[in-house]
Amino acid sequence: MNLTLAHSPDADDAFMFYALAKERVQTDLRFEHILSDIETLNQKALAATYDVTAVSFHAYAYLHQHYALLRVGSSFGDGYGPLVVARPDAGFSATNLKGKRIAIPGKLTSACLLLSLYAPEFEPVVARFDEIPAVVREGKVDAGLLIHEGQLTYAASGLAPLVDLGRWWKDETGLPVPLGGLAVRRALDPKLIERIAAAVEQSIRFALAHRADALGYALQWGRGVTGDLGDKFVGMYVNRWTLDAGPDGQRSIQLLLDLAAARRLIPACVPVELLPSAC
């Protein structure tokens with residue numbers, strides 16, 4: 001059976017889907033891989049474009065009627081996550097972001113939602129995620145919100161960290177910070193959804209068992225992150241919650257959306273269910 005599978009052109013996603021892309025997984029499912037940045041995927045998911053797609057957990061609040069979240073394939077940071085950076089001479093701190101123009105990688109990203117919970121009165125300026133270091137360095141905005149490998153390479157752009165939202169979330173909640181997951185169309189047969197989840201899990205386990213080969217493939221999308229740094233980045237977001245979000249992961253996603261609903265940052269409370277259901 002042929003299915004569309006959309007995900008980000010990033011080293012961690014490429015690592016997860018290496019075995020599927022190279023047909024190293026024993027499955028009769030065939031996936032057409034569509035690569036695009038996460039905010040574009042969020043927008044495409046609003047129209048239920050793909051069978052399986054990476055989405056931000058923030059975006060799930062607007063997608064849950066058409067998509068369900070898989071318990072496999074999620075991205076969580078354990079005490080680290082989206083990073084707010086500024087120029088070293090910015091003249092303000094993490095506790096003084098009110099009114100600051102901050103470049104964000106998309107309004108439906110979980111990073112943006114986390115920043116809205118942390119500093120609700122900042123002024124968002126949407127920019128491509130990989131262009132944010134430049135617009136901060138050039139003074140077009142006061143600060144920038146970094147995702148992906150930018151969290152490790154910001155210093156090379158001459159920028160300084162203000163706040164790590166993953167660290168803040170862990171301090172506040174004791175939970176891993178919820179960033180994004182794999183969503184599957186609810187219209188698909190439940191047995192097919194189970195087969196999709198099994199194929200993704202096999203792909204992740206294969207990559208972990210053949211790390212060097214999977215990294216060699218994945219770092220084609222490393223955007224300058226190579227070697228040990230590339231390995232570190234992949235390890236940050238392909239972790240135990242990627243294989244199974246588990247109770248802590250589900251609790252963290254639910255808390256993020258509950259807090260967002262209470263602050264009226266999303267339209268309503270959204271119950272979080274992960275498929276296939278836990279035994």
Side-chain angles (χ1 to χ4, degrees), residues 6-14 34-50 52-64 66-67 69 73-77 80-86 97 100-136 140-154 157 159 162-166 168-169 177-183 221 223 233 236-237 253 256-257 259-261 263-267 270:
H7 57 86
S8 300
D10 303 305
D12 53 336
D13 276 14
I34 297 102
L35 276 61
S36 194
D37 69 277
I38 190 61
E39 183 66 356
T40 297
L41 295 182
N42 289 335
Q43 296 295 333
K44 289 285 188 180
L46 292 173
T49 305
Y50 304 118
V52 188
T53 182
V55 297
S56 301
F57 289 132
H58 180 191
Y60 180 68
Y62 302 86
L63 308 169
H64 64 96
H66 301 292
Y67 282 97
L69 291 173
S74 296
S75 293
F76 289 85
Y80 50 81
L83 190 67
V84 181
V85 298
L97 298 181
K100 296 294 186 290
R101 299 179 74 249
I102 302 179
I104 60 168
K107 290 187 176 181
L108 289 180
T109 60
S110 298
C112 179
L113 184 57
L114 287 161
L115 182 54
S116 297
L117 290 169
Y118 175 83
E121 296 183 319
F122 79 97
E123 181 183 341
V125 179
V126 177
R128 272 187 56 91
F129 75 92
D130 52 352
E131 295 175 354
I132 289 177
V135 298
V136 177
K140 296 178 180 177
V141 292
D142 299 308
L145 179 57
L146 301 184
I147 59 174
H148 302 319
E149 73 285 343
Q151 297 166 62
L152 297 179
T153 60
Y154 64 88
S157 298
L159 304 176
L162 291 179
V163 60
D164 185 324
L165 293 172
W168 167 74
W169 181 261
V177 66
L179 301 172
L182 275 185
W221 291 275
R223 287 181 292 269
F233 172 68
M236 287 169 65
Y237 293 111
I253 302 166
L256 176 69
L257 297 181
L259 290 172
R263 303 269 189 94
R264 298 185 178 180
L265 297 172
I266 60 175
V270 178

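Throughout, residue positions are numbered sequentially from 1 according to the sequence presented. Being a predicted model, the structure only gives us computed values, none of them experimental.
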Margin query: To the nearest 0.5 Å, what is the distance between CG on Leu165 and CD1 on Ile147?
Written below: 12.0 Å
Margin query: Given 3.5 Å as the limit, does a donor-acceptor pair link the side chain of Asp37 with the main chain of Glu39, or not?
Written below: yes
Next item on the list: Begin from the C-alpha positions of Leu97 and Tyr118 and carry the test side-chain contact (heavy atoms from CB on, under 4.5 Å) through to its verdict.
Entry: CA-CA 9 Å; Leu97 298 181; Tyr118 175 83; 4.0 Å; yes
Next item on the list: Measure across Val55 and Asn42 and return the closest heavy-atom pair with its distance rounded to 0.1 Å.
Entry: CA-OD1, 3.5 Å
Notebook entry, point to check: Phe76 and ring-ring contact (aromatic ring centres under 6.0 Å, His included): which partner among Tyr237, Trp169, Phe57?
Noted result: Phe57
Item checked: Rounded distance (nearest 0.5 Å) linking atom CD1 of Ile34 with atom OG1 of Thr40 -> 13.0 Å
Next item on the list: Without swapping roles, check the side chain of Asp164 against the backbone of Leu83 for a donor-acceptor pair under 3.5 Å.
Entry: no
Check: Are any of the side-chain heavy atoms of Lys140 and Val125 separated by less than 4.5 Å?
Finding: no
Notebook entry, point to check: Under 6.0 Å between the ring centres of Tyr67 and Tyr50?
Noted result: no
Next item on the list: Starting from the C-alpha separation in whole Å, work towards a yes-or-no answer on side-chain contact (heavy atoms from CB on, under 4.5 Å) for Leu162 and Val85.
Entry: CA-CA 5 Å; Leu162 291 179; Val85 298; 6.0 Å; no
Notebook entry, point to check: Does some side-chain heavy atom of Leu115 sit less than 4.5 Å from a side-chain heavy atom of Pro82?
Noted result: no
Checklist line | Spacing of Ser74 atom OG and Ile253 atom CD1 [to the nearest 0.5 Å] | finding: 5.5 Å
Next item on the list: Kindly indicate whether the side chain of Val177, heavy atoms from C-beta on, has any atom under 4.5 Å from the side chain of Trp168.
Entry: no
Item checked: Interatomic spacing from OG in Ser157 to CD1 in Ile132 - rounded to 0.5 Å -> 11.5 Å
Notebook entry, point to check: Taking side chain as C-beta onward, heavy atoms only, is Leu69 less than 4.5 Å from Leu182?
Noted result: no
Next item on the list: Might you point out which heavy atoms bring His58 and Leu108 nearest each other, and give the distance in Å?
Entry: CB-O, 3.2 Å
Item checked: Leu114 and Leu256: CA distance, side-chain angles, deciding distance, side-chain contact (heavy atoms from CB on, under 4.5 Å) verdict -> CA-CA 8 Å; Leu114 287 161; Leu256 176 69; 3.8 Å; yes
Next item on the list: Measure the OG-CG distance between Ser56 and Leu179 for me, rounded to the nearest 0.5 Å.
Entry: 8.5 Å
Item checked: Shortest non-hydrogen contact between Phe129 and Glu149, atoms and distance -> CE1-OE2, 4.4 Å
Margin query: So Trp221 and Asp13, do their side chains get closer than 4.5 Å, heavy atoms only?
Written below: no
Margin query: Quick one: does any side-chain atom of Arg223 pair with a main-chain N or O of Asp10 as donor and acceptor, under 3.5 Å?
Written below: no
Item checked: For Ala119 against Phe122, the heavy-atom pair lying closest together -> O-CD2, 2.9 Å
Check: Between Cys112 and Gly106, which heavy-atom pair has the shortest distance, and what is it?
Finding: CB-O, 3.4 Å
Margin query: With rounding to the nearest 0.5 angstrom, report the NE2 to CG distance, His7 to Asp12.
Written below: 10.5 Å
Check: Is there side-chain contact between Pro133 and Tyr154, with at least one heavy-atom pair below 4.5 Å?
Finding: no
Next item on the list: Over all heavy atoms of both residues, which pair between Leu41 and Ala54 is shortest? Give the atoms and the distance, please.
Entry: CB-O, 3.6 Å
